[in-house]
Amino acid sequence: SSTFNYGTYHSLASIYQELDNLASEYGNIVSKIQIGESYEKRPLYVLKFSTGRGNRPAIWLDAGIHSREWVTQASAMWIAKKIASDYGNDPSITSLLNNLDIFLLPVANPDGYEFTHTTNRMWRKTRSKNSGSLCIGVDPNRNWDAGFGGPGASSNPCSDSYHGPRANSEVEVKSVVDFIKNHGNIQAFLTLHSYSQLLMYPYGYKCTPPADNAELNTIGKAAANSIRSLYGTTYTVGSICSTIYQASGGSIDWSYDYGIKYSFAFELRDTGRYGFLLPAAQIIPTAEETWLGLKTIMEYVRDNPY
Amino acid sequence: LETFVGHQVLRIKTRNEEQLKKLRFLETLDHLELDFWLNPSTPALPVDVRIPAHSLQAVKIFLESHGIEYSILIEDLQVILDREKQDIVASQQMERS
């Protein structure tokens, strides 16, 4: 067993080392897959949780697409350990993995994450060069092929919400898109952001409700209740457009339009006291409550295939 | 590592669409180097923005002159960042010991 401290923030190297440790320690259900590499050639690693019987329906979960949202990468690591260590002990997790595979990408933007540790803690975007501009990076959550370039994204390469030159221009985004498409049976697409304590479903690029609005809202509220049950943390539930603002090119809009009905984005703690600089003492409580919300959605996905 | 000495994070509460428009105008002023943590959306939602020390006075005067309410969420960002760094180092030392 490794000595990885899940209650603190880690470098990318330390996180990647722990992925190896988890795959080694829980080799019966955990394996590490490389789905691509970042603009600066860092590997994009996914943990696959599977009991290994064929190509099962699966759930996708990613974190850290915005690099400065450190509590998301940290929570994803705690959740990885939780899933691995509770399989065979917790009936709920055991049942989940006996029916579904889970793919977890804990650091979706590794270049940005490394940059937040070495150079600028407030960095949000990728680290790709923009032709014709001195400004670096694209907002990887405005770069998906869903209303690309529409309201809520910027065409200015110097903006923190720059959508990029074209949809999927960022290799970090394209790698996930290719993986999801090649898999062919992803039933849920879940993504972790911070902060604001929100649980959102499509759409962000338009303000018309999705066809499954009622069902997604019911699932979202059930998940928010689960989150609140642990420490009383309250979440607001709704579509991206109704909850925050119109934002085009987002990942869950792409996944939903691609046919993945259960598409949700979490905005984790807090509501602004610390914002992106959430104290490390809150990592584990955040991860614990987030896991309860995720588990509620995952159980629904298990029981309601489509 | 870039420092953020004197940077403040303000929470801005708007009352109407007109005040939101003023904030969206602020967003376009590149020389202020504002970093919107929560973007202007609707009057019901707060706007959080990190403001470098050199722009603080100008932004506060702008907000006050337009009657836009704000409060200081983070007095000095570097203080929080230093604490975060210390926590990480302490944790690494504990792991080693």
Side-chain angles (χ1 to χ4, degrees), chain A residues 2-11 14 18 66 68-71 74 115-125 135 139 151-154 156 158-161 194-196 198 204 207 236 240-247 267 270-283, chain B residues 1-5 7-14 20 23-24 27-52 70-97:
Chain A
S2 81
T3 57
F4 189 83
N5 179 357
Y6 288 88
T8 191
Y9 295 114
H10 290 271
S11 66
S14 174
E18 182 62 7
H66 288 146
R68 64 184 173 182
E69 299 168 4
W70 277 13
V71 74
F115 198 71
T116 60
H117 277 266
T118 59
T119 311
N120 182 346
R121 173 66 180 84
M122 290 295 113
W123 192 258
R124 164 186 167 98
K125 300 190 285 183
C135 293
D139 182 340
S154 173
N156 176 3
C158 298
S159 165
D160 252 355
S161 56
S194 76
Y195 62 94
S196 287
L198 306 171
C207 288
T236 302
I240 295 172
C241 183
S242 69
T243 312
I244 42 174
Y245 40 74
Q246 240 184 310
E267 294 276 1
D270 56 11
T271 55
R273 171 70 187 84
Y274 293 101
F276 304 121
L277 305 173
L278 196 70
Q282 290 195 47
I283 293 173
Chain B
L1 194 65
E2 190 170 323
T3 61
F4 295 87
V5 177
H7 288 221
Q8 290 190 347
V9 179
L10 299 190
R11 167 149 296 187
I12 302 168
K13 288 181 180 164
T14 54
L20 275 174
L23 293 187
R24 292 193 187 108
E27 269 186 305
T28 66
L29 302 179
D30 290 343
H31 68 280
L32 294 175
E33 298 180 63
L34 304 184
D35 172 16
F36 281 81
W37 288 14
L38 297 179
N39 291 96
S41 53
T42 71
L45 294 172
V47 176
D48 292 349
V49 57
R50 173 174 63 82
I51 306 171
Y70 70 89
S71 58
I72 299 171
L73 271 184
I74 298 177
E75 186 79 33
D76 185 340
L77 192 66
Q78 192 59 43
V79 173
I80 310 276
L81 288 170
D82 289 343
R83 204 177 299 150
E84 184 179 76
K85 191 88 180 164
Q86 284 165 8
D87 283 351
I88 292 171
V89 171
S91 165
Q92 286 167 344
Q93 285 169 346
M94 269 177 65
E95 276 178 41
R96 274 190 220 107
S97 66

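We use all heavy atoms of the structure for the numbers below, so side chains are in, but hydrogens, waters and symmetry mates are not.
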Counting only heavy atoms closer than 4.5 Å, note whether [X] contacts chain B via side chain, backbone, both or neither.
{"X": "A:T271", "value": "backbone"}
{"X": "A:D160", "value": "side chain"}
{"X": "A:T236", "value": "neither"}
{"X": "A:T243", "value": "backbone"}

So, do [X] and [Y] sit near enough that their side-chain heavy atoms are less than 4.5 Å apart?
{"X": "B:K85", "Y": "A:R121", "value": "no"}
{"X": "A:I244", "Y": "B:N39", "value": "no"}
{"X": "A:R68", "Y": "B:W37", "value": "yes"}
{"X": "A:C158", "Y": "B:D30", "value": "no"}

Do you know which of A:H117, A:Q246, A:R273, A:M122 has the most heavy-atom pairs under 4.5 Å to chain B?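 Counting heavy-atom pairs under 4.5 Å, the top option is A:M122.
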
Determine the option with the most heavy-atom pairs under 4.5 angstrom with chain B, choosing from A:L277, A:T8, A:T118, A:L278.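 Heavy-atom pair counts peak at A:L277.
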
Roughly how far, to the nearest 0.5 Å, is the [atom2] atom of [Y] from the [atom1] atom of [X]?
{"X": "B:E2", "Y": "A:T116", "atom1": "CD", "atom2": "OG1", "result": "12.5 Å"}
{"X": "B:L38", "Y": "A:Y245", "atom1": "CG", "atom2": "OH", "result": "7.0 Å"}
{"X": "B:I80", "Y": "A:F276", "atom1": "CD1", "atom2": "CZ", "result": "14.0 Å"}
{"X": "A:F115", "Y": "B:L1", "atom1": "CZ", "atom2": "CG", "result": "9.5 Å"}
{"X": "A:Y274", "Y": "B:R83", "atom1": "OH", "atom2": "CZ", "result": "6.0 Å"}
{"X": "B:E27", "Y": "A:N156", "atom1": "CD", "atom2": "CG", "result": "11.5 Å"}

side-chain contact (heavy atoms from CB on, under 4.5 Å) with B:Q86: which residues, sequence neighbours excluded?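 Applying side-chain contact (heavy atoms from CB on, under 4.5 Å) to B:Q86 gives none.
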
Heavy-atom pair count under 4.5 Å with chain A, highest-scoring of B:D35, B:D48, B:D87: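 Option with the top pair count is B:D35.
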
Against chain A, label [X] side chain, backbone, both or neither, depending on which of its atoms sit under 4.5 Å from a heavy atom there.
{"X": "B:F4", "answer": "side chain"}
{"X": "B:L45", "answer": "side chain"}
{"X": "B:I74", "answer": "side chain"}

